[in-house]
Amino acid sequence: MMKFPIINRLFPSYKWKVAAVIIGGVIVGGGALFMYMLRAHTYLGDDPAACVNCHIMTPYYATWFHSSHARNATCNDCHVPHENAVKKWTFKGMDGMKHVAAFLTKSEPQVIQAHKASSEVIMNNCIRCHTQLNTEFVKTGKIDYMMSQVGEGKACWDCHRDVPHGGKNSLSGTPGAIVPLPESPVPEWLRKMVNQKDK
């Protein structure tokens, strides 16, 4: 039988070991349930419905859903880098943590705007998807976001302001946004229990 001196030192008796296993199980199980209720697993895919896990994204989801981009592009197609997997997941994680922090501290603005790093990613993705249009059809050339910032051209949204979100949106600006919101992850038994307490 293997001996673990550190474990024996931390938990000297059998009762301590059992208590540690139970407490550890509760913490891991509670954490897993918490992450499931937050729908954290949905952020690992490309489903745009994941964006409306946070209610402040509803106007942006609704306007995208009713735009021409909804046929061919997901949120991740425009809002995360596609150069390589490391850059994509690093950017997605850091941007997601900023959103979570703003939401938890109630510091999100009424109108959400892309910050500088996001603007660069968005424009790079516009160019990535519309390269043939820019180089063969209208021959506007291919500039990047940093060039537009120093006056060597325009950013894509300088002309295409309403693509794909229909201009500036906010919760109060699009109160009746009709979208097929995803089903609630709350289990049926818990919904019944909460509804009974409300009565």
Side-chain angles (χ1 to χ4, degrees), residues 4 6-65 70 73-82 84-115 117-118 121-122 165 169-199:
F4 298 100
I6 295 172
I7 293 174
N8 289 333
R9 203 172 303 139
L10 290 173
F11 310 108
S13 71
Y14 178 77
K15 287 181 181 179
W16 276 90
K17 289 178 179 117
V18 169
V21 168
I22 291 170
I23 291 169
V26 168
I27 290 170
V28 170
L33 178 62
F34 180 72
M35 296 305 281
Y36 173 76
M37 297 301 281
L38 287 177
R39 295 182 180 186
H41 58 284
T42 62
Y43 296 110
L44 299 175
D46 283 333
D47 185 2
C51 296
V52 289
N53 287 348
C54 181
H55 77 284
I56 62 171
M57 295 306 292
T58 302
Y60 304 94
Y61 177 78
T63 51
W64 163 84
F65 187 82
T74 66
C75 303
N76 286 332
D77 288 329
C78 298
H79 292 278
V80 298
H82 292 274
N84 59 58
V86 172
K87 193 169 182 180
K88 174 182 179 177
W89 288 103
T90 302
F91 184 88
K92 193 173 182 179
M94 289 173 55
D95 209 42
M97 287 294 103
K98 285 181 197 168
H99 290 190
V100 168
F103 182 72
L104 291 176
T105 58
K106 299 191 184 303
S107 61
E108 68 271 357
Q110 183 62 214
V111 177
I112 298 172
Q113 291 183 312
H115 52 79
S118 288
V121 167
I122 293 166
H165 294 292
N169 298 296
S170 66
L171 285 173
S172 58
T174 51
I178 300 172
V179 292
L181 296 175
E183 290 183 32
S184 171
V186 178
E188 185 65 34
W189 63 267
L190 187 56
R191 267 185 283 179
K192 286 179 181 176
M193 189 168 60
V194 169
N195 288 339
Q196 287 174 354
K197 286 184 179 180
D198 289 343
K199 292 178 183 179

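This one's a predicted model, so the numbers in the text were calculated from it and none came from an experiment.
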Heavy atoms of W64 and A73 approach each other most closely as NE1-O, 3.0 Å
Under 6.0 Å from the NZ atom of K87, do we count more than 12 heavy atoms belonging to anything else shown? no
According to ring-ring contact (aromatic ring centres under 6.0 Å, His included), who are the partners of Y43, at least two apart in sequence or on a separate chain? none
Of the non-hydrogen atoms in P81 and V121, which two are nearest, and what is the gap between them? N-CG1, 3.5 Å
Can a donor-acceptor pair be found, under 3.5 Å and without considering hydrogens, that links the side chain of H82 to the backbone of V80? yes
Report yes if the side chains of N84 and W89 come closer than 4.5 Å at any heavy-atom pair, otherwise no. no
Could you tell me whether the side chain of Y60 reaches within less than 4.5 Å of the side chain of C51, counting heavy atoms only? no
In short, N76 meets G45 closest at the heavy-atom pair ND2-O, 3.2 Å
Check D77 against T74 and note the closest heavy-atom contact, atom names and distance. OD2-N, 2.8 Å
In this structure, OG of S118 is separated from CZ of F91 (nearest 0.5 Å) by 3.5 Å
Test of understanding: with ring-ring contact (aromatic ring centres under 6.0 Å, His included), list the residues that count as partners of H41, not counting sequence neighbours. Y36
Atom pairs and distances, donor-acceptor, side-chain atoms in residues 93-102, under 3.5 Å, two or more places apart:
| residue | atom | partner | partner atom | Å |
| --- | --- | --- | --- | --- |
| D95 | OD1 | H115 | NE2 | 3.1 |

